[in-house]
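First comes the structure, then the notes that go with it.
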Amino acid sequence: MQLSFELSRKGRKAYTLPDLDVPEITIPKEYLREELPQLPELSEPDVIRHFINLSTLNHHIESGFYPLGSCTMKYNPKVNEYLARLPGFAELHPLQSEETIQGALEILYELENLFIELSGMDAVSLQPVAGAHSELASLLIMRKYFDKKNEKRTKILVPDSAHGTNPASTILAGFEPVEVRSNEKGLVDIGHLNELMDEKVVGLMLTVPNTLGLFESQIVEIAKIVHKKGGILYLDGANFNAFLGIIKPGDMGFDIMHFNLHKTFGTPHGAGGPGGGGVGVKNELSPFLPVPRVIKKIKNKYRLSYNFPDSIGRVHSFYGNFGVCVKAYAYIRMLGAEGMRRVAENAVINANYLMSELKDYYDLPYSGPCMHEFVLSGDRQLKFGVRTLDIAKRLLDYGFHPPTIYFPLIVHEALMIEPTETESLETLDSFKDALIKINQEAEKEPEILKEAPHKTPVSRLNELKAAKDLDTNFYK
Ligand SMILES: *Cc1c(COP(=O)(O)O)cnc(C)c1O
């Protein structure tokens with residue numbers, strides 16, 4: 001495929017300007033550029049075809065199954081996009097006066113309340129704009145809480161199965177991450193937690209279900225251990241779609257949690273966003289939430305209030321990514337309480353179905369039942385010299401996005417599969433068939449896998465080079 005610069009022909013254009021109907025002025029020379037910009041010159045059909053063709057080169061959820069574990073790449077209803085683009089939302093200016101944005105503030109207020117209802121927390125801020133960002137905001141809240149109590153605590157406990165953002169946020173917030181071991185079932189090793197938990201520990205960051213797709217069945221015991229030493233129990237809520245509408249984190253003993261709007265609540269992600277986050281807290285931590293907070297005054301008037309003297313301050317400009325909040329609001333209201341529950345049930349059923357269909361062909365180090373995702377190991381295929389990377393690349397030839405690979409780190413040759421709730425039985429079956437076929441290929445013709453993918457616009461890329469040696473300039 002040619003680049004737009006290569007398609008360029010001098011004099012072609014894709015615009016028509018009206019006749020000048022204002023006085024002509026001469027722009028002073030110092031404001032003019034010396035050389036004309038080097039822009040491609042193309043007709044409108046050329047431009048449209050170019051971008052449509054480009055859009056089909058990459059795999060996306062609208063073109064096929066995307067079981068990327070931990071990422072929840074589900075299909076998000078397009079009505080959310082339509083609503084977020086309504087001029088009354090999309091054309092608001094963040095510096096408008098509060099009287100003129102009452103509708104937007106009402107949406108934010110109501111959405112916070114929906115999250116309070118779903119999570120069992122007492123207060124919510126939707127200012128952070130990603131999961132990792134919400135982790136940082138939460139850790140700063142925890143820091144302020146202990147500062148206020150004049151307690152010097154320095155350590156955050158993080159299970160060895162945790163997402164990499166957990167230890168990274170911990171360090172950014174100025175704490176020291178300490179790893180908690182998983183036991184042979186893939187759950188928190190209670191003995192090790194007991195050993196590590198002392199008065200120097202700020203809290204435990206726990207992912208439920210964890211990244212192996214397993215529910216922490218000892219959550220009540222874990223909460224007791226953490227609370228007995230005055231620590232805070234934090235929920236990494238990126239996997240909330242596994243138990244949404246069924247149980248509330250607030251009832252399970254969590255003091256603080258984050259939400260991923262672009263995973264669980266109706267916003268597409270990838271391609272750099274925009275995404276959305278949020279932090280929910282129990283009353284004791286609510287004075288520290290970021291400002292401004294949306295408050296409701298008498299006569300249904302909404303305001304942005306900065307009057308929270310113990311707040312950690314701002315973590316983002318204005319009030320986060322408002323458009324993403326509109327999508328989350330539409331999504332939750334459209335599905336209702338019953339629909340939220342079905343999201344979780346279907347996410348779990350789909351994952352268990354795939355897991356049970358595949359466990360005879362791939363190693364399953366931590367046996368189920370699983371929640372919304374599960375982790376296979378490619379160790380059996382490795383005996384034929386085929387790596388998990390090769391299996392992932394070969395899946396592209398069958399029209400599927402690969403699962404997450406080599407994560408979580410505690411599983412050798414990991415393949416982390418999250419089918420999500422939005423896929424049909426037929427899609428799950430064709431994915432299963434592809435993985436079974438690939439298993440046969442691994443044994444009989446491993447070379448095919450090692451050179452895969454064969455059918456994509458480009459084959460194996462040097463992924464490291466793209467990150468380390470990024471060059472987006474066309475002209476040298
Ligand atoms: C995705 C994810 C995060 C990070 O969320 P982002 O929105 O990508 O920053 C944290 N923890 C877990 C378990 C996740 O899956």
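Just follow the structure's listing: the first ligand is 1, and inside any ligand the first atom is 1. Everything quoted here is computed from the prediction, not taken from an experiment.
By the 4.0 Å heavy-atom criterion, His269 is excluded from the residues contacting ligand 1.
Using a cut-off of 4.0 Å between Lys/Arg side-chain N and Asp/Glu carboxylate O, Glu81 and Lys327 are scored as salt-bridged. Using a 4.0 Å cut-off between charged side-chain N and carboxylate O, Glu421 and Arg342 make no salt bridge. We find that Lys155 and Glu176 are not joined by a salt bridge, their nearest charged nitrogen and carboxylate oxygen being 4.0 Å or further apart.
With Thr170 contributing its side chain and Phe175 its backbone, the two residues share no donor-acceptor pair below 3.5 Å. Under a 3.5 Å cut-off, the side chain of His401 and the backbone N or O of Phe65 do not form any donor-acceptor pair.
Ala132 N, 2.8 Å is the protein heavy atom nearest to atom 9 (O) of ligand 1. Closest protein heavy atom to atom 6 (P) of ligand 1: Gly131 N, 3.4 Å. Atom 8 (O) of ligand 1 has His262 NE2, 4.2 Å as its closest protein atom, hydrogens excluded (heavy atom only). The protein non-hydrogen atom at the shortest distance from atom 11 (N) of ligand 1 is Asp236 OD2, 2.6 Å. At the shortest separation from atom 5 (O) of ligand 1 among protein heavy atoms lies Asn260 ND2, 3.1 Å.
Residue contacts with ligand 1, taken as heavy atom pairs separated by less than 4.0 Å, involve Lys263 solely via side-chain atoms from C-beta onward. By the criterion of a heavy-atom distance under 4.0 Å, the side chain of Ala238, and not its backbone, is placed next to ligand 1.
Here Phe115 and Phe259 bring their ring centres to under 6.0 angstrom of each other. In summary, the aromatic rings of Phe243 and Phe240 are positioned with their centroids under 6.0 Å apart.
Every atom of ligand 1 is numbered from 1 in the order shown, and the set under 4.0 Å from a heavy atom of Ala130 is 7 (O), 9 (O). Applying the 4.0 Å criterion to heavy atoms of Ser70 picks out, from ligand 1, the atoms 1 (C), 14 (C), 15 (O). Which parts of ligand 1 touch Thr207 is read off a 4.0 Å heavy-atom cut-off, strictly below it: atoms 13 (C).
Seen from the ring of Tyr361, Arg380 does not count as a face-on cation partner, given the 6.0 Å and 45° thresholds.
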